[in-house]
Amino acid sequence: MPQRRPLGTVRNRRFTSDLHPGRSLFGQVIGWIDIEKDQGQEDRMLTLHYAPDNASLIVRLVLEELTQPFDTVLIDRAAQEQAGEAYRRLNPRGLIPVLETPDGPIFETAAILLWLSEAFGKMAPQPGAPDRAAFLSWLFYLSNGLHADMRMLFYGQNYVGVGSDAQTSLARQTHARIDGHLALFDECAGAGHEWFSAEQPSIIDYYLATCLRWLALYPKQGHAWFDIDRTPALRRLAERMEQRPATLRAAKAEGLGKTPFSAPRYAEPESGSAT
Ligand SMILES: N[C@@H](CCC(=O)N[C@@H](CS)C(=O)NCC(=O)O)C(=O)O
């Protein structure tokens, strides 16, 4: 069961040691003083603010792959809790996810993933590695290109208002742009990089697999245009990623079923709602 507690209680923890540049955050002894700690509660360093099947899912998947224990705080989307004052203290933009860390709260999915990959020294080429530059380019393209365009599909009214002609036109143009992004990612997935669609999963793999899931499901009245079979390398990625034990654990936690990336169904979580 997800844990619920008032937003921001981890702010009451105080970090007591300096981080050493160039060393993995979790490879060293770090000290926390818990000022307010529930009795019997484990002292965890990471807290994910989430709603089922929201962008927080990508962070959950990566935390599971890293086998890192974390706390969760369920955001009540039906009550627009993410837009409230308390949540905006963690993410001024009022969007899910936020990950609370020893370095403070982080928002924006790609920023969180990058922070995790550096903190644990895994799931991405590390600073100084020869393929770091290419990896960063594709991570930012995923976040700032594909994911940003997907938000236009899912939240069209925020971009062109509620008029149906404007929404239809926006959707048509956005489909074409997303198809273009996916074609480029498909080619990149088949190019033999170690940081994308390789044997060991990367943060890009989980981020993209989750985008494929959402494209197949959302918006509820307008997803028929999408066909994963137009991008065979991405289909293979989706099928491979859903076999990972990390995906099975995340799928169980958020009620995603057995094929959450290649043939998804709507989430049936025990608590909370996706929208
Ligand atoms: N660029 C943001 C996008 C996050 C995002 O779109 N979050 C959605 C849920 S998947 C959200 O909070 N929607 C609520 C809203 O727009 O009010 C990120 O990567 O973190």
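Throughout, numbering of the chain's residues begins at 1 and tracks the sequence. Whatever order the structure lists them in is the order used to number ligands and atoms, beginning at 1.
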Per-pair distances, ligand 1 N/O vs protein N/O, less than 3.5 Å:
{"unit_1": "ligand 1", "atom_1": "1 (N)", "unit_2": "E108", "atom_2": "OE1", "d": "2.8"}
{"unit_1": "ligand 1", "atom_1": "1 (N)", "unit_2": "E108", "atom_2": "OE2", "d": "3.3"}
{"unit_1": "ligand 1", "atom_1": "6 (O)", "unit_2": "R151", "atom_2": "NH1", "d": "2.6"}
{"unit_1": "ligand 1", "atom_1": "7 (N)", "unit_2": "I96", "atom_2": "O", "d": "2.8"}
{"unit_1": "ligand 1", "atom_1": "12 (O)", "unit_2": "I96", "atom_2": "N", "d": "2.8"}
{"unit_1": "ligand 1", "atom_1": "13 (N)", "unit_2": "Y155", "atom_2": "OH", "d": "2.8"}
{"unit_1": "ligand 1", "atom_1": "17 (O)", "unit_2": "Q82", "atom_2": "NE2", "d": "3.2"}
{"unit_1": "ligand 1", "atom_1": "19 (O)", "unit_2": "T109", "atom_2": "N", "d": "3.2"}
{"unit_1": "ligand 1", "atom_1": "19 (O)", "unit_2": "T109", "atom_2": "OG1", "d": "2.8"}
{"unit_1": "ligand 1", "atom_1": "20 (O)", "unit_2": "T109", "atom_2": "N", "d": "3.0"}
{"unit_1": "ligand 1", "atom_1": "20 (O)", "unit_2": "T109", "atom_2": "OG1", "d": "3.0"}

Do S197 and R240 meet the criterion of a side-chain donor-acceptor pair at a distance under 3.5 Å? yes
Stacked cation flag R151 on Y155, 6.0 angstrom / 45 deg: yes
Can a side-chain donor-acceptor contact be found between H181 and D149 if the only test is distance below 3.5 angstrom? yes
How about Y206 and E65: does a side-chain donor come under 3.5 Å of a side-chain acceptor? yes
If we ignore angles and hydrogens, is there a donor and acceptor under 3.5 Å between the side chains of D53 and W214? yes
Going through the distances and angles, do F196 and F135 end up as a ring-ring contact (aromatic ring centres under 6.0 Å, His included)? CA-CA 8 Å; F196 187 28; F135 161 80; 9.9 Å; no
